[in-house]
Amino acid sequence: MNRKKKLKEIVSLTRTYLQQEKDSGVKFIRKPGVSLQSARKKQIENKKLLLEQFSSSVLDCRKCGLSKTRIKVVFGQGNPEAKLMFIGEGPGYDEDRQGLPFVGKAGQLLTKIINAMNLKREEVYIANIVKCHPLKDPSRTDIRGNDRAPDPGEIQACMPYLLKQIEIIKPEIIVTLGSPSTKTLLGISGDPSYDKNSSISKIRGQLFNFKGTKLMPTFHPAFLLRDPNRKKYVWEDMKKVMNILD
Ligand code: URA
């Protein structure tokens with residue numbers, strides 16, 4: 001066998017071995033002589049560094065028109081080791097100014113939901129399907145309530161960023177908040193049980209498969225602010241999430 005062929009075979013065997021380890025629940029492989037604790041510490045540091053480097057590369061993004069009016073890119077916030085990841089629609093007025101997701105009124109409600117799950121915001125990861133503030137009237141960056149849902153072109157341009165974040169964080173479960181993030185992620189999930197015509201009211205609380213990661217849609221906190229009677233449904237959904245995480 002020539003050298004190139006031999007190398008190819010080694011790579012293929014290693015890949016198969018690593019996949020088998022992964023499938024049997026092994027989270028990382030350490031070098032002989034390295035303690036489990038220090039290997040784990042290194043893994044956490046690597047993930048943190050990867051996310052930080054990635055976030056800096058996104059801060060000057062010009063891939064869509066939202067970059068013309070944004071104040072700050074809202075990359076995402078939270079624990080790189082999070083088991084639970086929340087994904088919303090897009091930054092609003094407050095998020096655009098602070099550069100952080102879910103910090104306005106809807107965000108305060110999301111924080112309450114997270115705390116009711118016996119978790120802290122710092123323990124989960126929060127992101128959006130687009131990283132810049134979509135404005136109804138782009139000439140009025142200075143007013144509140146000038147928000148809209150991101151359009152398909154904006155979502156498509158921004159999606160690689162979110163996919164990469166998910167790939168780095170590797171959450172155990174993703175909770176999509178509201179219709180745009182649910183439809184976007186389930187639309188590319190390949191999960192055959194997802195019917196793209198079903199409304200968020202119909203599919204909330206159901207467990208889907210997003211490229212190997214569990215995904216549960218629920219109502220958006222901004223919707224709950226408009227219709228507090230629906231809070232009980234979100235709580236039902238979050239109890240299921242807590243069971244999965246336990
Ligand atoms: N709504 C969202 O969907 N995301 C935010 O970050 C804030 C409000």
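Basis for what follows: all heavy atoms, side chains included, without hydrogens, waters or symmetry-related copies. Read the numbers this way: they start at 1 and go in the same order the structure lists the ligands and their atoms.
- For Leu59, the side-chain contact (heavy atoms from CB on, under 4.5 Å) test picks out Val73, with sequence neighbours left out.
- Heavy-atom contacts of Gly88 reach the following atoms of ligand 1: 3 (O) (cutoff under 4.0 Å).
- The protein heavy atom nearest to atom 5 (C) of ligand 1 is Gly90 O, 3.4 Å.
- A salt bridge is defined here as a Lys NZ or Arg NE, NH1 or NH2 lying under 4.0 Å from an Asp or Glu carboxylate O, and Lys211 with Glu167 fails to meet this definition.
- For atom 3 (O) of ligand 1, the nearest non-hydrogen atom from the set Gln77, Lys131, Gln98, Glu89 belongs to Glu89.
- Atoms NZ and CD, from Lys112 and Gln108 in turn, are 8.0 Å apart once rounded to the nearest 0.5 Å.
- Distances between N or O atoms of Pro91 and those of ligand 1 include no value under 3.5 Å.
- Taking a cut-off of under 4.0 Å to the non-hydrogen atoms of His220, the atoms of ligand 1 that pass are 1 (N), 2 (C), 3 (O).
- Among protein heavy atoms, the minimum distance from atom 4 (N) of ligand 1 is reached at Asn128 OD1, 2.8 Å.
- The pair Lys239-Asp237 fails the salt-bridge criterion, with no side-chain N (NZ, NE, NH1 or NH2) lying under 4.0 Å from an Asp/Glu carboxylate O.
- Of all the heavy atoms of Glu95, the ones lying under 4.0 Å from any atom of ligand 1 belong exclusively to the side chain.
- Geometric assessment of Lys164 against the ring of Phe54 yields a positive cation-pi assignment under the 6.0 Å and 45° thresholds.
- Going from atom OG1 of Thr182 over to atom CG of Leu215 covers 7.0 Å, rounded to the nearest 0.5 Å.
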